[in-house]
Structures are given as C-alpha cells and as structure tokens.
J.: 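To start, I am sharing the structure in question, which I have written as structure tokens.
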Amino acid sequence: MEILLVVIIGFLHAGGLYMLLRRSMFKMIIGLILLGNGANLLIFLLGRLVKGNPPVIEDGLKVFTDIYADPVPQALVLTAIVIGFGLQSFAIILIKRVYNVLNTDDLDELNSTDEEI
Amino acid sequence: MLVAVVLGFIFALLVPFFSRFTKRAISLVYPLIPLFLFLYFLGFLEKIKSEGQILFHYNWVPSLGIDLSFRLDGLSLLFALMITGIGTLVFAYTANYLKGHQYLDRFYGYLSMFMASMLGVVLSDNLMSMFIFWELTSISSYFLIGFNNDDPASRKSALTALSITGFGGLVMLSGIILLQVVGGSYSFTELLNSSEIIKNSNSYGWIIALMFVGAFTKSAQFPFHFWLPGAMKAPTPVSTYLHSATMVKAGIYLLARFTPLLGDTIWWNSTLVTVGAITMVYAAIHSVFRVDLKGILAYSTISALGILVFLIGIGTEKSLLAAGIFILAHALYKAALFLITGIIDHETGSRDVSKLAGLQKVMMPVAIAGFLAALSSAGLPFLLGFISKEVMYEATLQLGNWALILTALAVLTKILLLVAGFWAGIKPFTGNLPSEFNKAHMPSPLLWVPPLLLGFLSLGFGMFPFFIQESLIQPVFSSISGSDTTIELKLWHGFNLVLLLSVLTLVSGGLLYFFLKPSKALIEKTFKFEVISPQNIIENGSNLFGSFARFWTRFFQNGYLRNYVITILAFLTLLMAYRLFGEVNIYIDWEQISTVSYYEAIVVLMMIISIIFAISTNSRTTAIVALGVVGFANCLFFIFYSAPDLAMTQFSIDTLTVLLFMLVLVKLPKNKSFSSKGMKFRDAFLSLTFGVLIAILTLEVFEEPSSSEVSKYFADNAYLLAKGRNVVNVILVDYRGFDTMIETVVLVIAAAGVFSLMKLDLNPSKKDL
Amino acid sequence: MKSLIFKTASSYLLPLLLLFSIFILLRGHYLPGGGFVGGLMASIAFLIHSFAFGLKETQSIIKINPGYLMPIGLAFAVGAAIAPFFVDAPLLKGLWFEEPFRFIGMVGSALIFDIGVYLVVIGATLTIIFSITDTV
Amino acid sequence: MTKSLFLSNLILAIIWVMATGTLTEENFLFGFFISFTILWVITFKKEERKYFTVIPKLLAYIAFIFWEIIKANFQSLKESFYPKSKLEPAIVKVPLDAKTDVEISILSNIISLTPGTLIMDVSDDKKVVYVHVMHLLDKENFIKEIKLKFEKPLLELMR
Amino acid sequence: MKDILIMILASFGAIFILSSSIGLLRKPDVYLRISVTAKASTLGIGLMLTSAALYFNDYSVTTRIVAIILFVFLTISIGGHLLARAAYFTKTPIWKGTKVDDLAGQYDEVTHELYSEKHNSSIKPEKDTSI
Amino acid sequence: MSNSMIVLPIIFQFIAGTILLFFWRKINLQKVLSILFSVIGLGISIWLFLQVWEKGIMVTQSGDWKAPFGISIVADTFGVTMVLLSSISGLAVSIFSTGSMRKERLAFGFFPIFHFLIMGLQGAFLTGDIFNLYVWFEVVIISSFVLLTLGGKKQQLEGALKYVSLNLLASSLFLIGIGFIYGLTGSLNMADVAIKLDGLQNRGLVSVTSGIFLVAFGIKSAIFPMYFWLPASYHTPPPAVSAIFAGLLTKLGIYAMLRTFTLMFGGDEFMGDIMVVLAALTILSGGLGAILQQNMGKVFGYLIICHIGFLIAGLGIYTELAIMGTIFYLIHDIIVKTNLFMVSGLILKINGTQDIKELGGMYKNFPLLSLLMAIPLFSLVGIPPLSGFWAKIFLIQAGLETKDFFLIGFIVLGSFLTLWVIARLWGEVFWKNSVGLPKKANGLYFGQMPLIDQWLMVFPIFLLAAISLYIGFSAENIILLSQKISSELMDPTGYIEAVLGLKAITP
Amino acid sequence: MSLYDYFNWIIIPILGLSVILVFIRFLKGPSLPDRVIALDMLILISVCIIAIYSIQTNQSTFLDVAMLFALIAFLSTSAYAFYLEQRQRK
Ligand code: NA
Ligand code: NA
C-alpha cells in the first residue's frame, strides 16, 4: 500500500507543479493546493501506516495495549491543514480581488511590477 | 595625535550646525584649524630628526587587530605638513574664492573632513585604519567634486571618480586582508618584521597586484587616470588641494610606504616602472594638447604622479630620494599653479590658455607666483624643481642596461611638462591683455598670497636646500628606503651628464614653448585616438556591462510567474536528482510494505483519475469539484489508516475551501486555454520528473528505520500525565500546544486579511503617498 | 436562496448542530474531535443558515460581529498558556482540577485552551466566508 | 392544550425517575408510559383527549412513511435495471392545503423521500408545490394521491 | 444470531446503495438522477448505520446513529430539492421524454420568485434530445 | 527569574496583537498602544538579551514536557540577538507607520497584524523545534501577505500574487523537508534531530533533505535562483511595510538557514560549495538589477538581494570567521535595510514619487534631513568605518583562507555595484534639481503634515541611523557578539546540551 | 463466514462497485449538477463504508466521522446550489 501512496504523493506533486506552471491564476492556486495535499500525505505516510487503530486510548485503560497509529504525524498534518486553510483562503480571495481590480485571470497580464526596468 | 586626526571630523560635523549665524564672520576662522595642525606637526620636526619615528596607540577594534595606531616618521610627517600647510592656504583662499556662496559651510565641512581623512591615511600605522581613512578621502572627494551639484557634468564626474577610486579601494581592501592573512597583522610596524615571509609567500603576487590597483586608481595611473581630468569640475580649491597636492598622492604615499615591506622584487619594480613610465609620457603628451588651464594642469599632474610611481619603481636609493624631493616640489608648484588658475578663472571668467595673456598688468603678485611655479616645474636652477629633476636623472642614469631608454623617457616627459608648466604659469602673464579681459582686476590678498607663498617656498627650498635636507628630506628618505645612508642635496653637481640632460630639457622645452601654440585644433587631433583611449575602452566596457546587466535581469526577472517556478523547481529537481542518484542506494524493502486491499486500490485509482481530471479539465467548476473528490479520497486514506481527527478536519476544511472557490468563481472571467502543446509537454516533463523524484525520495526515507521514542512517550503519558485519551488532541492542546496557539494566530491574520482584501478599496487610479 | 423548505429546516438545524459542535469540542480530549473540528462544525452550521436566510439574518443571530470572536478566542488561549506562569511553571503546562466534572470530564487549562481554539476557528472561518459572500 | 398535557406527562416521568432513583433511559420511558396511562385515565374533556390519539396516529404515520420509503427503495432497485423507454417523467404542479412553513416543509420532505417523487420547489405564495415525478400515468390522479396519502394525515396530526 | 441480522441489514443496505448508483449512472437527465439518489441511498445508509448500531449495541452509539439517520434523511431530501431547483435555474437540459413540465416559465429571471399562477419567463430548460 | 520567562517576548507580542484586535477601528488608540507595546517589547528583548549574555543559553520546555518531547524554546545568543534586532526595527517601523500610514489602512488591522508579524519573527528566532519553526514561518508569511496587500492597489496585487505563490511553494517544500526529517529521525526537536541525523548511515538522504531546506529557505531569503518574488513585490506596499519586510523578512530565511545548516546539517561540503556559487550569483543578480532600476524601491529591492548574497557567502564558506562575517553583516543589514526603506518612504512623502528621474533637490531643500539619510545610505555601501564595512573584512578573509577567490571577486563586485548605485542615487535624488511635485495624490505631502507626524517619520530614521553609527564605530562590541554567536553556531554541543540536558551527548 | 470476512468479501465490494459507478457519472458529467450529485453520492457511500469499517475495526469513533461527512455533504450540496443560482443571476 505504501507504494501506492507514494505514487499518489508523486502524482500530487507532479500535478501541483504542472498547474503552477499554467498561465491562469485559478490553476495556480489549484496547483498550490495539490502540492499542499501532497506534502500532508507525505508526512502522514512517513509516520508509518497502521490500519484501524486510531491513537485513542480505550475507555478503562490507561495506556495502549494494542498497536496504535503514530499520533505525531497526525497532529502535524492537522496543524498543517489548518494553516494551509488560512493561507489558501487568503490566496483564493486574492485572486478574486485581482480579478475585481484588473479584470483578468491571465497571469501574463500581471507583470507590470517586473516590466519597467 | 588622535585628537589631531579627529579634530577635522569633529569640525566637519559641527559646521552645518553653526553656519547659520556665523556664515560671514567665521569664514576667516576656518583656516586657523589647519594652521593649528600645521604648527602642531611642525613641532615634531626635531623629534623625528633625532628619533626617526614616533608611535601612538589607541584601541579600537582589538579583536580584529584594528586599532588607531599612528606612526609619525619622515614620510608621514612630510605628508602631514603638506596636508595641513597647503590646507591652511587653501582654506584661506577659499574664504575669498567662494565668498558668499550659499553652501560655503558645507564646503568647509567637506574640506575639513577630507583633511582629517588624509591625515589619517598618512599617519596610520594600522593598515586597516589606513584603509578606512583612505575610503573617507574618496568619499570627501566625491562630495567636493559634486559640489556644484546643479551641473550634470559635475555629478557625472563625481560618480566616475568615486567609482574608480572606490573600485580600487575595494580591491586594495582584499589586498590588505590578504597581507594580514599572510603576515599575521594589520600593523605596519609588525609587518615590517615579516617582510621576507611575505615576499616569499605564494600570495605575494596577489598582494602587490591588489595593492597596485588601489594605488593606481587613487593616484590616477594609466589606465585609470581619466577620472582626474573629470574631477576638475570641482571648485579650484578642491583641485588644488585634493587633486594635485594631497589626495592623489595617497597612492604614491602607499607605494612609498610599502617599498621597505614589499618592494625590491622584480615584480614590484618592473610593474611600477612600466606603469609609471607609460603614465608619465602618456599624460605629458596629453597635457600639451589641452587649452583649458585646468585640463593642462590635470594631465601634468597625472604625468607627475607617473614620474613618482616610476621613481619608486626604480627603487634605488637615488630614485627614492628623487621621489621624496619631487613629492614636495610638485606639491608646492602644482598647488600654486592651480591656485593661480583659480584666480584667473575668478577674475576673467576664462581658463582658455589660447586666449589668456597680459594679466601681469593687473595682477603682478600672481604673475610672480606663476613665474616661480612654472620655473620650478620646469626645473630651472635655484628652484626646488631643479634639485628633484637632477636627482631623478641621476637615478635613471644609474640603471645600466635600461638607463638609456628610461632616461630618455624621463627627459621627454620633463620637456613636455615644461611646456605645460609654462603655459599655465607664464603664458597668461605675458603679452598684451586682450580687451575681453579688461574687467579683470587685482584680486584680494586672500587669493594671491597663498600661491605667492608657495612660489617663494619653491624658490627658498631650491636656493637653500639645507633648510630641508636634514630636517625633512633625510627622514623621508630613511622611511622610504629603509636605509640609513646620509643624503646631501646640492644645487651644483659640476659639469656632468646630468647637467647636460638638464640643459637639453630646458632648451628643447623652451623651444617647444615658443613654437607650439595652444589651440583647439590640437585637441581635435587627439580625438582620432579617442577610440582607443582607456577612458573610452572602460566606458564601452561599462556599457557592455550594462547590456549584460539588462540581459541577465530580463532573463531571470522576466515577469512570468511560471518561469520563476520553473527556474526554482528545475534547480531543486537537479539538486535532488544529483544527490539522489549520486549518494543514495535506491532499493525497495518489500518486508516493510503492507499489502493492498482492493477497496484501497479503488480509492487510489479514483484519486489519481481525479487529479488528472482536475488538471486537464478546462472548466473551473469541474476542476474544483474534482479537487473536492481528491480531498475526499484523501480523507478515506486517513480513515483507513487510523486518523479520524485528521479525516474530520481535512474534510471540513476541504469543503470550506471548495466553497470559497465557488463563491469566488461566481464572477471570474471565462476560462481560456493559453499554453501551446510544446509548452504543455515541457511542463509535463518537468512536473513528472519532480513528482517521480519526490516519490522515490519518500519511499527511501520511509524505508530508513527511525526512532519512535517521541510518539511512544506521547502515547504512554497521554492519560497518565496529560489526562486525555485521544493522543492526537493531547498533542494538539498539550504536548505541542504551542504550535496550536500560534496556528490560531495564522487563522486570525488570514481572516483579517481576507476582510481587508474584500472591504478596503483605496482608489487605485490615484497615486498613494 | 429563496427556498422555504431549506429555510425551515435550517432554522431547526442550527441549534442542533451548534449543540453537536460543543459536544465534539468537549470530548476532544477523549475521542476524535476538539476545538478545531468543533469550531469548523459550528461555522458550517452558521454557513448553512446563511445560505438559507442570507447573510444579514445570520449575522443578526450571532449578535456580535464574528470578528470579535477571534480576539476573545486568542485571549482564552493565551490565558490558558500563561496561567502556569503564576505558579512558576513553564508556558502551557497543564493545570487541572483535581476531580473530573460531571458530563465534561477533567477540566483544566487544556480545555480552556481548546475553547479558545474553538472560538478562533468560528470567528476566522465566518469572517472569511462572510466577507466574501457579502460581495458576491 | 396538547402541549400542556405533554409537559405534565414529561414532569410525571421525571418524578418517576427521581422516585425510583434509577436514571436510565429505560426507566424514563417506562415512567413516561405509566404517566401517559394515568393521564389518559384522568382526562375527560373532549378537546383534551386529542393528545392521546395523536401519539398513536403519529406512530402510525411514521410507520406508513417508513413503509413508503422502503417501497421507494425497492422500486428504484427495480427501476435501475429498466430501459429508459419505460420512464415517464414530469414536473407537476400540486396545489397545497398546508399553510405554515413547517407543514409545507415536512410534507415536501416526505414527498421527496417516497416513491418516484422529488420536490422541485414551493411557490412563493405557498399555494402550490412543484413535484418531479418519475412515472406520471395520470396527472389528476397523481395530485389526488399525494393529497390523500400524505397531506391529509399530516395536517390532521399537525393541527 | 446478531451477526446474521447485521449481515442481512448490511446486505440490503449495500444493494440499495448499488441500485441508486446504477440509477445515478443510467438515468437520462439530472432531475431523474437527483430523484433516484435521494431515495435509494436513504434507506441504504439507514440500514448500514442500523447494522452498526446493532453491532456496537451501546446506548451512546445508538443515539448517535439515530441522530445521523434522521439527519441524513432530512438533508438528502433538502439537498435534492436545492440541487434540482438550482439545476432548473441554470437551465440544465431536461430529458426529451418528459411528459409534462408545469414549472416551465414559472420562475422570475431577476427575483427568482416562483409563481403559482401562469407566468412566462425565459427560465425553462431545453429538452435534451442527445441523451 | 526562571527560564520559563524566555518566552516573554513572544507572549507579549501575542497579547499586544490581541489587545489591538479588540480596538479594531480605534485608530488613534491603536497608534498610541502600538508605540507603547513596541517600547515595552524592546525593553523585554533587551532584558532577555542581557540575561542570555550573562548566563549563556537558556531553555524552557513548553508544557513542561522534557525535550525532545515538548517544544523547546531556546534562547541562545543568536536567537536573542535576532529578537533584539527585530524589536528595534519593530519599534522604528511602529513609530514610522503612525506618522506615515494612511488611516484607511490603519483601520483595517495594520497594527495588530504588524505586532503578530513581530511575534512570528521572534518566535522563529527562539524556537528549538523544526515544526514549530514552520508554524512561525507561516505566521510571518500570512502577516506579510496581509500587510503586502493592505489597500489592494493594482501594483500591490500584482506583486502580491507572485509573492504569495512562491512563498506558498516554499512552505510546501519546507513541509516536505520536515516530513523527511521526521521520517529519518522520528523527532522534531532540532537538537535531538541533530544528534540523530548525525548517527544516520544514509548520508545521501540527509543531503537531499538539506537540499530541500536550502530551496525552501532560499525562496524565503531571496537567493539566486529563487529571488524572483522580491523585485516584483517589495516596492509595491507602503514604505513602512516594505521597511519591516526588507529588514526582517528575508533575514528570517537566512536565520533559518544558519540555524539548520549549522545545527542539523553541519558541514555538508557539497551544500557549502553550492551555497558559495549561489552566493556569488545572488550578489551578481542583485547588483545587476540594482544598477538598472529607476524606481527607488526597486533599487533597494535588488540591493537586498545583492546583500543576501553576502550573508549566504559566509554560510557557504562555513568557517567560524565566515559565519562571524555573516552574523555581523546580518546585524548591520537588519538595521540599515529597515532604515533605507523608511528613508525611501520619507522621500516619497516629500516628493510624491519614487521615480529617480522625477526626484531631486533633496539636498538643497532638506540639508539636515539629507545628511541624516546619508548615514543609512553610506552605511549600506560600507564606507568605512560605517557598519556595512566590517563584515566584509571577515568574509573576504574567510574566503582567502578557504581559497574561494572567485567569491571574493564577487563580493568586491557586489560592494562596488552598491557603491555605484548609491552614489548615483545620491546624485540624482539629492543633488539634482527637483522637477517639481507631480499631480495631486492621495494623502498628504510631508510639508502638509502636522509637525507631530513629521517627527514621527523622522525620529525612527534618526534612531536607526544612530544605531548603525554605533555598529560602525563600536564595531568591537558587535564583533565580540558575532564571535560569540559564531562559535556557538559552529560548535552546537552547547546548544544541544542545554536543550537535552547534559548527558545527551555521548561520544 | 465471520462478520469481518462477509463485509470484506461481499459488502465492501458492492460498495466499491457503487463508488466506481458513481465516479463514472462524476467523470461523465455532463453538467455541474450531475457532478455535484455524484460527489454527494460518493460522500454518502463513504458514510456507509465508514460504518462498515467501524464494525470491522471495532472502533465506534469512526461513526462520528460519518456524522461529520453527512453534515458536510449537505453543506457542499447547498453551497453548490447557492453557487449555481448566483451564477445564473449574474
Ligand atoms: Na532505502
Ligand atoms: Na523512517
């Protein structure tokens, strides 16, 4: 299974990068989201996969008696997801605002700050 | 001693604050400062004569070995006296020359800052502090050249001068540091002890090369000389003070100072002789092709500097002595000539030597000063210039095989310089006064006394060399050459080859002066050679550099976001690939890999198809829904692999993101397809390479065994110590609660940002202050 | 959206979902859930309500500007974080009441902290989405 | 009236729980049933007696709806293998007797959950509801069926 | 015994889910697809969740499951309604075999008001003949 | 005082930001509070600095979970120095913005976000945990996004788009790097990671991981070939914002690189070589860009890049002396770059433009102010003995000692280009006659502002100029500080022992 | 046959097949509402899968995830509907 997840991680990164290379603002953000998902999945995978044993101590017990999934990557990914939400929502609103002001989705029309030397 | 150096700086700092109410009255007080310093240094004459050198030490940056140690010996004393002495005269001269000028206070500020820096350069025993003062002279020079800042040409010249001397300074800095690395100290006194080690080290060539660049740029040696004529845009006192008498001699000072330390090697000598010779001849020729008095003087100054480098390069006792005398002689007569030029300019409004004549009628004292200076420059007997010229010829004649050619060059230079000197010092004061200069009249004594004084000094020292022989020239000679030979300055050496050469110089010079008339036509002839002039070559070079800069900047900073991303990720990909395939042994350990359930395979397949779908669809909404499916499938993995918290959070947040997208999309313009097939192919290739690399790396990292110490600790203590059962939540609010606390701030800021993005709308058409 | 059915349903759903979100928040220390998910749920509840009734009405239900929930939440969080300073313990050290409370379980600074997170998440999410819906 | 009876019923159930001292849901339901019976016995006013018929009716109606849902599912199970030609979809306007928002909403949900029908929308004047039907045989018949099967019993319960 | 019951419930649930999935795939227009999912999946989910409730046989789990089931019933029908209505607004094509369409032209283009009496607006989906 | 108080700078800014959020619309109150908070913050930083200077590295564990389990907060000399510098810059910009920012912007949360930004920076400087560092980074970048776009002008938005996307890309890479670190070591505490990475057989993977960090931090610190967002965006926001960006934001990337590459990936020669080459090209790119630009903000933007090259150079050479040079330069650069953008803001306020061609007459009309501005300008050039000069000695010497001669060539070139650029700027902006004010703009010109606002703009420039003079003339103190930092960085045992306890290091 | 095996070999394959069918509808579209209803259906199926999975792993905690999924399915459906209507209005 790890192999398949690795393949997905590869796909997410490849897809994210590909989208980042398009000319559309919209696609750029999709690309960033895909990359973010890829990174999250990567961290999750590197904590090792454990099936069906969430890191929750059962009622009545004080410690784990069974195997359990590594909680650390889960907490990290959770944090990263929430942070990612903040950043992505800002980015999404940014493109809306850009559109409101500049009326385009084409990144190539948005290089005036670089143009004049 | 520190006070002596710092005084000028303090004064410079105070000037702008006091100027307002003392503008007129104070202008005569200014010269008192250099005068005071002059007298102070004069007081050291005896001591130096008897003790050779005096050291002063003040701590500054001990951990770098940089301190404010000052070393007063013959050479530095000579310079200190020149700086303060000529400084006094220039300060006084300025009081009248720029009388009533709006920014006179600033001018004095710069001048005193310069004076202090220059004193610092010649007095420092520590190379680094010497360099610091060195750079300060460049900066003060920049401000002084650009003093008439309304004039674009002034600004350009200031920039050119600063660029060249600044560049040289930076190169020299490397040289000084290298010297420290090899010699182990910045202290000149200490370095003298390891002179042999330095000369024998591998870095010796580098050291002197780097030092030379510094010295040559500062002292306007070929091919860096051209900033100096440009610097003549500065007011005449500046030209006098900085660009003939003192600052440009800093390079000479440096070479002289380093002679005992680094000199007397084939590289040292031959480089200096070559560069000096080229400079002196090249500039001397140029000087007779000018009509602007300042231009003539500028080139003759360059030539004189060339002579000095040449003499130091020869490196024999005789030549070093010659250099020592010539430093003083040149300072005296050239400063006088500049001051005179200033007076002429001031009174007639012209510096065109082809037109100027007959001014002796209105300003006799100036004429006398001019005559004396010109004669000293020409090296006529009874003037200091004569002695220096004699010693110089003696030096060149001692050189065996090279004697003939070097002497010939020296004589040629001297002949041309004689003409230049006469044009500047004599021509304006002979013949009939043209009607256009009728308004010229006798200037204020503040203007004419300084050059006259200098002229008489040339005469006095020339007639009675014993005045300065023991007290000044002997210590100078000792400190340059490092030898304890006793020198003797004589007016009369008897009939010998040297005298013959002197006569030859004077006669041919005199003839040339009579037959060659300064005219614009002469300059135009030189224009043909402009193409190959160093200035032109360097300017073309810098234009080329500019084009390169434009190319480079446009190439990288091209405005296209995707190109930026490509560059960055191509770099990363190459870096990773290089290390991965070079250093990592790639294998798959199937033992560690778990089996695949068919339903997982379905989810994987769904996810991959959705990714491809999201990428390839041209409808934005479809892409977003596909993104939703990707997130959804992702959540399923989280559920299968025991991360319910994660699944819940990810799913809520994915949905909120999709929702935001939806709301944004309501008003986005129609989607267009922009990229060509080739571009898509290129991008796909790069993306896939990147994805594959990340995947391989992930797998390799996965297979490395790692410690589970931390997560085990978390799990073991979650209930016992942290009183929670859901370990993920315990991590979030307790073990790593700090992360969460900050993370909430991220959300808050993002929300505030979104709010302001949507609500704050400053008028985009108006400029914003 | 002008849908009668949707409006009716969501006016009943709102309190239920809020209740559920608090449930999720409080039990986060024991079972999946916690401040983040709870806060997201509460925001989703308000969002659904705003789709049905429009922004103005939802905002009037919340009464205070959701923006102010953010500093309030931050204050909770930082309060819980620095409370240990007063007993000379490092930042964020868990302080607990000796005995568990009924229904809630152990109450301590971690719970206060989680409540802070909950409020911040609601405030931030609603601010983000409301400020955009406002201008759609 | 119904409400106050329900409240009394609830209070009695709580008293039962407190008296027996066992806080479990079974005990609560048991207490509720006992007090329901007592209230039924002691209530004489005719309009008040409705409370005691509503509950059984409600249960019956819920059971009916469930049955309809099950039917719907089996029907769609069957239909998923039908060829397209057997479909006779339509959007039909059905006039409403239900007046309040709650009535209309519940009715609509029920319609959506039961065989072959889906609520498209309610008119803004709340007079009609537009229903998407999968197999429309006869329009009039369909409208009548909806009103009789779903609306009438619902309104009886609600009012 | 309990296991058998769970299996039976789950099997029925799965079959209903499957049937509505088939329906979703096969129905010719979006309105029919919405209609079919809104129904078949409810019971499918309900049965599945019920089997889980049976399995855990725990009071707190059961109440939660009941809550989920009710919630799902409510939201699926409302969601279907919202989506169908939105599809109609956006003039998503309706299948050519549709017999009657009383809704055609009843929405106001601007206010989105829905009339009970005859109205004639442009909001009416095209009959899709391609499907 | 106990070690637990070393989080005080962070917590204080957190509280400051929160309080300011409560007064969202009360601009005047916010102004007063912000300055007050900045002053107190500076006081706390000074106090912390002195504590650490006296007692050595101080550590506290958040939640009282011993390292490597909890998040360690580590105040070593480097960290507290950075905290102190950020407080100084923060105070200056806080004052400057009260005088210069338009009230519309202030009404949309400038001050709270500004304080959160400072908090983010200080948190990053003090954390001892790699994931925590990531979180701090995110605080910083989201605040910078918001400050960058505040006002939503066309230019701002265009710049922000590039800034945002490339920074998000960097964050994503950072996250991958953290994933790899966790995968390889199972730990996140940097001290612990350092030990565990050291014991790892598969050096190649460590090296690749460090490469990912290089790019992630490289994007943030704007080194070649990852600097593109900077010239596109830094000149677009109000100068007060640019000032804090210029002074601290790119430096955060440098800080992170210094921290990780000395502590966790210490002495990877290949990476060192790569960095040396990148440093040279960064200097070149920045310098070349700067000589071309006509907009003052852009000139300064490219100069930032150029000087980032100096900073990376020291890390690439990787000797104690070189790191010392980097640290000294960092200290100087933070103060001077902040000041530089404030200067450009003041010039903008006076003239209504930042276009060099249109500017002029500053020296004639504002002589004293011009002299004041000359201090940061010429400090930047490194005219000795101003602050920019000293670090170069170390860098050049370090380069000579490791025989990186071509690098020295680039350092000289970079210094020369800076000199040329500033001299040209001086000639054009200060010496040249002014062309007259452009058409009416939004907001008040300097001359029309109330005296108090004028002083609020000038005072911080004066403050930072005084500090850079101090750095230059009292170089000895700064050198001692850099030396201490450098030796702590090059020999991280002290750091590791302080975090993990004495017994952690066993041969 | 144990409960686990029955679920693993009978129920989950049926659900998996359903997922595939729905996913095909998702890919085919053709309209946005089609995709939305497919996504909705996917989430609902996943609620079932979660229920089954919680039985298989004996972890009732997963049921809460199911609850949240159902809630979110509703949110996203109503959001899409909202979007479609807004877009039409424009
Ligand atoms: Na491996
Ligand atoms: Na691992």
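These numbers come from the heavy atoms of this one structure, side chains and all, not from hydrogens, waters or symmetry mates. The chains referred to below are lettered A, B, ... by the order of the sequence lines, with proteins before strands, and numbering in each begins at 1.
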J.: NZ of E:K2: more than 12 outside heavy atoms within 6.0 angstrom?
T.: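 Correct, the count exceeds 12.
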J.: Where on G:M67 is there a heavy atom nearer than 4.5 Å to chain E: the side chain, the backbone, both, or neither?
T.: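 Both parts, heavy atoms under 4.5 Å.
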J.: Side chain from CB out, backbone as N, CA, C, O: work out which of these in E:L74 comes under 4.5 Å of a heavy atom of chain G, or both, or neither.
T.: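 For E:L74, no heavy atom lies under 4.5 Å from chain G.
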J.: Could you check which of E:I65, E:I15, E:L24 has the highest count of heavy-atom pairs closer than 4.5 Å to chain G?
T.: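 Looking at each of E:I65, E:I15, E:L24 in turn, E:L24 comes out on top.
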J.: Quick one: which of G:A51, G:A81, G:A66 has the most heavy-atom pairs under 4.5 Å with chain E, could you say?
T.: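 Sorted descending by pairs with chain E, the first entry is G:A81.
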J.: Which region of E:S60, side chain (C-beta onward) or backbone (N, CA, C, O), has a non-hydrogen atom less than 4.5 Å from a non-hydrogen atom of chain G, or is it both or neither?
T.: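 For E:S60, no heavy atom lies under 4.5 Å from chain G.
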J.: List the residues meeting side-chain contact (heavy atoms from CB on, under 4.5 Å) with E:I22, not counting sequence neighbours, and say none if there are none.
T.: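 By the side-chain contact (heavy atoms from CB on, under 4.5 Å) rule, E:I22 matches D:S80, D:F81, E:L18, E:R26, G:L21.
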J.: If you define the side chain from C-beta out and look only at heavy atoms, does anything of G:F7 sit under 4.5 Å from E:I6?
T.: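 Sidechains of E:I6 and G:F7: in contact.
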J.: Starting at CG of G:D40, measure out to OG1 of E:T75 and round the result to the nearest 0.5 Å.
T.: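 Rounded to the nearest 0.5 Å, the CG-OG1 separation comes to 8.0 Å.
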J.: Identify the heavy atoms of G:R25 and E:K27 that sit nearest to each other, and give their distance.
T.: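 Reported closest heavy-atom pair: NH2-O, 4.0 Å.
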J.: What part of G:I12 gets closer than 4.5 Å to chain E, counting heavy atoms only: side chain, backbone, both or neither?
T.: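 It is neither, since no heavy atom gets under 4.5 Å.
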J.: Name the region of G:S2, side chain, backbone, both or neither, that has any atom closer than 4.5 Å to a heavy atom of chain E.
T.: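 G:S2 touches chain E through backbone heavy atoms alone.
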J.: Could you check whether any side-chain heavy atom of E:M48 comes within less than 4.5 Å of a side-chain heavy atom of G:L15, counting everything from C-beta outward?
T.: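 Yes, at least one pair of side-chain atoms sits under 4.5 Å.
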J.: Among G:L84, G:T77, G:D34, G:I20, which has the most heavy-atom pairs under 4.5 Å with chain E?
T.: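 Of the candidates given, the most pairs with chain E belong to G:D34.
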J.: OG of E:S20 to CG of G:L44: how many Å apart, nearest 0.5 Å?
T.: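 Reported to 0.5 Å precision, the distance equals 8.5 Å.
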J.: For E:L25 and G:V22, what are the C-alpha separation, side-chain angles and deciding distance, and is it a side chain to side chain contact (heavy atoms under 4.5 Å, CB included)?
T.: CA-CA 7 Å; E:L25 191 58; G:V22 175; over 6 Å; no
J.: Could you look at E:F89 and say if it's the side chain, the backbone, both or neither that has a heavy atom under 4.5 Å from chain G?
T.: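 For E:F89, the contact with chain G is made by backbone and side chain together.
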J.: Identify which part of E:V30 has an atom lying under 4.5 Å from any heavy atom of chain G, answering side chain, backbone, both or neither.
T.: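 Both parts, backbone and side chain.
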J.: Output, in order, the C-alpha distance, side-chain angles, deciding distance and verdict of side chain to side chain donor-acceptor pair (under 3.5 Å) for G:S60 and E:Y55.
T.: CA-CA 10 Å; G:S60 62; E:Y55 175 82; over 6 Å; no
J.: Looking at E:I17 and G:S18, what are the two nearest heavy atoms and their distance?
T.: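 The pair with the smallest heavy-atom distance is CG2-OG, 3.8 Å.
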J.: Could you measure the distance from the CD1 atom of E:I8 to the OH atom of G:Y6? Nearest 0.5 Å is fine.
T.: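 The distance works out to 8.0 Å.
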J.: Grab the two heavy atoms, one from E:A10 and one from G:I52, that are nearest each other, plus how far apart they are.
T.: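 Smallest heavy-atom distance, with atoms named: CB-CD1, 4.5 Å.
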J.: First locate atom CG of G:L63, then atom CG of E:L49, and finally report the distance between them rounded to the nearest 0.5 Å.
T.: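 The distance works out to 7.0 Å.
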J.: Give me the atom names and distance for the closest heavy-atom approach of G:N58 to E:F56.
T.: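 The answer is OD1-CE2, 3.6 Å.
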J.: Provide the closest heavy-atom pair for E:A52 versus G:I55 in the form atom of the first, atom of the second, distance.
T.: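 Shortest heavy-atom contact: CA-CD1, 3.6 Å.
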J.: So, taking the atom named OG in G:S31 and the one named CZ in E:R33, what distance separates them when rounded to the nearest 0.5 Å?
T.: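 The distance works out to 7.0 Å.
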J.: Taking heavy atoms only and a threshold strictly under 4.5 Å, list by residue number the residues of residues 108-120 of chain E that touch chain G; give 'none' if the list is empty.
T.: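 Counting heavy atoms that sit under 4.5 Å from chain G, the residues of residues 108-120 of chain E involved are E:E109, E:V110, E:T111, E:H112.
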J.: From E:I78 CD1 over to G:S78 OG, what is the distance, rounded to the nearest 0.5 angstrom?
T.: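 Reported to 0.5 Å precision, the distance equals 9.5 Å.
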J.: G:Q56 versus chain E, heavy atoms under 4.5 Å apart: side chain, backbone, both or neither?
T.: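 Neither part; nothing is under 4.5 Å.
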J.: So which part of E:T90 gets closer than 4.5 Å to some heavy atom of chain G, the side chain, the backbone, both or neither?
T.: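 Both backbone and side chain.
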